[in-house]
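Please read the structure below before turning to the comments.
Side chains included, hydrogens not; waters and symmetry mates left out as well; all remaining heavy atoms used.
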Amino acid sequence: MITMESDKIIIVEGLTDKRKVEKVINDNVTIVCTNGTLGIGRFEELLDTYCLDEKEVFILVDEDKSGLKLRKQLARELPHADHIYVSSEYREVATTPIHVLASALLSKNFQVHPIFLMPNL
């Protein structure tokens, strides 16, 4: 039986990040936007809606002040989560070259469209 619900969740900051990851990834994964830092109520809503305590969770946020704050908060609330990092050279998921993002996702065993592993696209 094929199900659309994924056991893998990637948490990103914004819609632009989500769209970029969706473009690169070729895997059954749910991508959740936080739209910045999370209040207690919003986090509880995400926890319940996506069953975050029961899923394989990955955190992919920007390497800027707000992204680092969010990563720290999520790491505290979801200690089982795995982290995917973009280089501080690019600062943001959305501005990370697509082949670099594809390699970062591949390093965490996500399937990606092979075309995006090639530089200069």
Side-chain angles (χ1 to χ4, degrees):
M1 181 168 91
I2 297 175
T3 178
M4 292 307 291
E5 188 173 317
S6 173
D7 285 334
K8 292 186 205 176
I9 306 278
I10 298 176
I11 299 175
V12 298
E13 285 181 83
L15 191 55
T16 306
D17 301 334
K18 179 179 179 175
R19 287 183 180 145
K20 190 159 188 179
V21 172
E22 285 175 334
K23 180 178 180 178
V24 172
I25 209 154
N26 186 24
D27 212 334
N28 184 20
V29 62
T30 301
I31 303 169
V32 177
C33 291
T34 65
N35 299 311
T37 56
L38 291 172
I40 300 285
R42 174 75 172 125
F43 178 75
E44 291 294 328
E45 178 186 323
L46 291 177
L47 192 64
D48 293 341
T49 300
Y50 298 101
C51 303
L52 296 178
D53 283 334
E54 302 162 21
K55 305 276 176 112
E56 191 174 3
V57 178
F58 296 84
I59 300 168
L60 174 60
V61 296
D62 297 342
E63 288 296 312
D64 59 11
K65 186 176 179 181
S66 62
L68 295 174
K69 180 179 177 184
L70 179 60
R71 184 183 296 281
K72 186 175 180 180
Q73 178 185 9
L74 289 170
R76 189 173 46 249
E77 300 293 339
L78 299 167
H80 69 286
D82 200 352
H83 295 263
I84 304 170
Y85 295 91
V86 297
S87 171
S88 57
E89 172 186 358
Y90 308 118
R91 290 185 42 97
E92 299 176 359
V93 173
T95 59
T96 299
I98 205 153
H99 72 279
V100 174
L101 181 58
S103 293
L105 291 164
L106 188 65
S107 75
K108 296 296 181 173
N109 298 313
F110 286 99
Q111 294 177 28
V112 298
H113 295 286
I115 189 77
F116 294 119
L117 292 168
M118 298 171 45
N120 302 320
L121 281 182

Derivation of the side chain to side chain contact (heavy atoms under 4.5 Å, CB included) call for Val24 and Leu105: CA-CA 9 Å; Val24 172; Leu105 291 164; 4.0 Å; yes

Only residue of Val29, Leu60, Thr16 satisfying side-chain contact (heavy atoms from CB on, under 4.5 Å) with Val21 is Leu60

* Asked: With hydrophobic residues grouped by side-chain heavy-atom distances under 4.5 Å, do Val100 and Ile84 end up in a single group?
  -> no

To the nearest 0.5 Å, atom CG of Leu78 lies from atom NE2 of His83 at 8.5 Å

Exercise. Between Ile25 and Ile10, is any pair of side-chain heavy atoms under 4.5 Å apart?
Worked result: yes

One should read off an interatomic distance between Glu56 CD and Ser6 OG, to the nearest 0.5 angstrom, of 8.5 Å

For Asp27, the salt bridge (Lys or Arg N to Asp or Glu O under 4.0 Å) test, sequence neighbours excluded, returns Lys8

Residue set satisfying side-chain contact (heavy atoms from CB on, under 4.5 Å) with Lys20, at least two apart, ordered chain then number -> Ile98, Leu101

**Prompt:** Passes side chain to side chain contact (heavy atoms under 4.5 Å, CB included), Ser103 versus Leu117? Steps please.
**Reply:** CA-CA 6 Å; Ser103 293; Leu117 292 168; 3.9 Å; yes

Original post:
Checking Thr96 side chain against Glu92 main chain: does a donor-acceptor pair fall under 3.5 Å?
Top reply: yes

- Out of curiosity, does Val86 fall in the hydrophobic cluster containing Ile31 (side-chain heavy atoms, cut-off under 4.5 Å, transitive links)? yes

d(Asp62 CG, Glu13 CD) to nearest 0.5 Å is 4.0 Å

Does the plane of the ring in Phe116 sit parallel, tilted or perpendicular to the ring in His113? Use 30° and 60° as the thresholds.
perpendicular

So the salt bridge (Lys or Arg N to Asp or Glu O under 4.0 Å) pairs with at least one residue in residues 65-90 (sequence neighbours excluded) are Glu63-Arg71, Asp82-Lys108

Anything under 3.5 Å between a donor and an acceptor, one on a side chain of residues 39-47, the other on a protein residue two or more places apart or in another chain? List them.
| unit_1 | atom_1 | unit_2 | atom_2 | d |
| --- | --- | --- | --- | --- |
| Arg42 | NH1 | Glu45 | OE2 | 3.3 |
| Arg42 | NH2 | Cys33 | O | 3.2 |

Can you find a pair of side-chain heavy atoms, one from Asn26 and one from Val112, that are under 4.5 Å apart? no

One should read off an interatomic distance between Asn28 CG and Asp7 CG, to the nearest 0.5 angstrom, of 8.0 Å

The reported gap from CG in Asp17 to CD1 in Ile11 (rounded to nearest 0.5 angstrom) is 13.0 Å

Q. Going through the distances and angles, do Ile9 and Leu52 end up as a side chain to side chain contact (heavy atoms under 4.5 Å, CB included)?
A. CA-CA 8 Å; Ile9 306 278; Leu52 296 178; 3.9 Å; yes

For residues 44-65, the ring-ring contact (aromatic ring centres under 6.0 Å, His included) pairs (sequence neighbours left out) are Phe58-Phe110

(request) Check the pair Leu70, Leu38 against side chain to side chain contact (heavy atoms under 4.5 Å, CB included), reporting the backbone distance first and the verdict last. (result) CA-CA 7 Å; Leu70 179 60; Leu38 291 172; 4.2 Å; yes

Taken in chain and number order and not counting sequence neighbours, the residues that satisfy side-chain contact (heavy atoms from CB on, under 4.5 Å) with Arg19 are Leu15, Glu22

Taking every heavy atom of Gly67 against every heavy atom of Val61, the minimum-distance pair comes out as O-CG2, 3.3 Å

